[in-house]
Amino acid sequence: MTPTAARRNSRKTELIILPPAPDFEWEIRLWQRGKRLVAGLDEAGRGAMAGPVSAGALIFPADPGLQAALEGLDDSKKLSPAARAAWAHSLKEIALAWGVGMATSEEIDALGIAPATRLAMVRALQAMRVEPEHLLIDFVRLTEVGISQDALIKGDSRSLSIAAASVLAKTARDAWMEAYEHEHPGYGFAQHKGYGTAAHRAAMQRLGLSAIHRRSFQWRRAEAVLK
């Protein structure tokens, strides 16, 4: 993103008044317009140095009264691991449909992180047993599908559907990274989940790159660590 674009996005974000917690404001507008199958979409792992990027998709029943049962649900980054795990279980029970998709580190290297993120989102939609009528997406515009959509800045703090999708994406990716730690111990993937922490960088310096490190994304930083 260019400095000009970054400043423009910053100004847009400043103009948004975020609710105290995600709510159904956007969903209710769409339900009232007859779009009953509204899917939230969000990603996890876009900024990591290793592992896949994941995406979650979820459709809630078109019931504004459901918001009371979702009190406490928030952007996955604001929840503890235990809270995320509990919500992931509950959300799968409440949802009309849900899906998770991933794009591998190899696909990230081949496509770039933005297209790979959209690929993970398409796979999450394909994993659902219901085709949505409209998408609410955290910031991303998904041009790969012919479904009407809104790309919301800070969407995971504004829409319960997007917040729910963020929880599914995060918990699925975290579980994948924890499993990978058993295959390649020593990197600490179960702890840092592939992000560029000091411990992760020290492990890269000691062990070199693993099979799931992204050779393109943040590669210059990784090379600097390894020298």
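Computation of the quantities below employed the complete heavy-atom set of this structure, encompassing side-chain atoms and omitting hydrogens, waters and symmetry-equivalent molecules. Nothing fancy with the numbering, it's 1 onward along the sequence.
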For the pair Gln67 (side chain) and Phe24 (backbone), establish whether a donor and an acceptor sit closer than 3.5 Å, ignoring hydrogens and angles. yes
Is there a donor-acceptor contact under 3.5 Å from the side chain of Ser166 to the main chain of Ser76? yes
Looking at NZ of Lys77 and NZ of Lys170, how far apart are the two atoms once the value is rounded to the nearest 0.5 Å? 9.0 Å
So if you build clusters from Ile, Leu, Val, Met, Phe, Trp, Tyr with side-chain heavy-atom gaps below 4.5 Å, do Val140 and Met102 land together? no
Regarding Ser161 and Glu27, is there a side-chain donor-to-acceptor distance under 3.5 Å anywhere? yes
Considering all heavy atoms, the nearest Met177-Ala50 contact: CE-O, 4.1 Å
I want to check something: taking the side chain as every heavy atom from C-beta on, are Val53 and Glu107 in contact at a cut-off of under 4.5 Å? no
Shortest non-hydrogen separation from Ala120 to Ser54 and the atoms involved: CB-C, 4.3 Å
Expected output: side-chain Asp138 to main-chain Asp42 donor-acceptor under 3.5 Å: no
Output, in order, the C-alpha distance, side-chain angles, deciding distance and verdict of side chain to side chain contact (heavy atoms under 4.5 Å, CB included) for Leu41 and Leu142. CA-CA 10 Å; Leu41 272 170; Leu142 195 60; 4.0 Å; yes
Working for side chain to side chain contact (heavy atoms under 4.5 Å, CB included), residues Arg123 and Val100: CA-CA 7 Å; Arg123 287 172 173 166; Val100 171; over 6 Å; no
Group every Ile, Leu, Val, Met, Phe, Trp and Tyr by side-chain heavy-atom contacts under 4.5 Å, then state whether Ile147 and Leu96 land in the same group. yes
Is there a path from Met128 to Leu58 through hydrophobic residues (I, L, V, M, F, W, Y) whose side chains come within less than 4.5 Å of each other? no
Between Glu181 and Glu178 (side chain of the first, backbone of the second, donor and acceptor by atom type, cut-off under 3.5 Å), is there such a pair? no
Checking the side chain of Arg158 only, and the main-chain atoms of Ile153 only, is there a donor and an acceptor separated by less than 3.5 Å? yes
Whether over 12 other heavy atoms sit under 6.0 Å from Glu131 CD: no
Closest non-hydrogen atom pair between Ala151 and Arg141, with its separation: N-NH2, 3.8 Å
Do you know which two heavy atoms are closest between Leu73 and Trp87, and how far apart they sit? N-CZ2, 3.3 Å
Do Leu207 and Tyr195 sit in one hydrophobic cluster, given that two such residues count as connected whenever their side-chain heavy atoms are within less than 4.5 Å of each other, even indirectly? no
With no hydrogens and no angle check, do the side chains of His134 and Ser148 hold a donor and an acceptor under 3.5 Å apart? yes
With distance as the sole test, does Thr171 use its side chain to make a donor-acceptor pair with the main-chain N or O of Val167 at under 3.5 Å? yes
Tell me whether the NZ or CZ atom of Arg29 lies within the 45° cone about the ring axis of Trp26 and under 6.0 Å from its centre. yes
Does a donor on one side chain sit under 3.5 Å from an acceptor on the other, for Ser157 and Lys78? yes
Taking the six-membered ring for Trp, are Tyr180 and Tyr187 ring centroids under 6.0 Å apart? no
For the student: nearest non-hydrogen atoms of Leu160 and Phe60, plus distance: O-CE1, 3.6 Å
Is any side-chain N of the basic residue among Glu106 and Arg214 closer than 4.0 Å to the acidic one's carboxylate O? no
Worked check of side chain to side chain contact (heavy atoms under 4.5 Å, CB included) between Leu136 and Leu30: CA-CA 10 Å; Leu136 293 175; Leu30 291 161; 3.9 Å; yes
Going from CD1 on Ile59 to CD on Glu133, what distance comes out if it is rounded to the nearest 0.5 angstrom? 8.5 Å
d(Met49 CE, Ile212 CD1) to nearest 0.5 Å is 12.0 Å
Measure the acute angle between the ring planes of His200 and His213, then classify it against the limits of 30° and 60° as parallel, tilted or perpendicular. tilted
Give me the atom names and distance for the closest heavy-atom approach of Asp156 to Asp74. O-OD1, 4.2 Å
Close side-chain approach of Leu135 to Asp150, heavy-atom, < 4.5 Å: no
Worked verdict on Met121 versus Val145 for side chain to side chain contact (heavy atoms under 4.5 Å, CB included): CA-CA 10 Å; Met121 288 182 170; Val145 298; over 6 Å; no
I want to check something: taking the side chain as every heavy atom from C-beta on, are Leu152 and Phe139 in contact at a cut-off of under 4.5 Å? no
Please check if the number of heavy atoms outside Glu183 that lie under 6.0 Å from its CD is greater than 12. yes
To the nearest 0.5 Å, how far apart are NZ in Lys92 and CH2 in Trp98? 4.0 Å
Could you see if Ile162 belongs to whatever hydrophobic cluster contains Trp31? Use Ile, Leu, Val, Met, Phe, Trp, Tyr and a side-chain cutoff under 4.5 Å. yes
Measure from the side-chain N and O atoms of Arg173 to the backbone N and O of Pro52, and report whether any donor-acceptor pair falls under 3.5 Å. yes
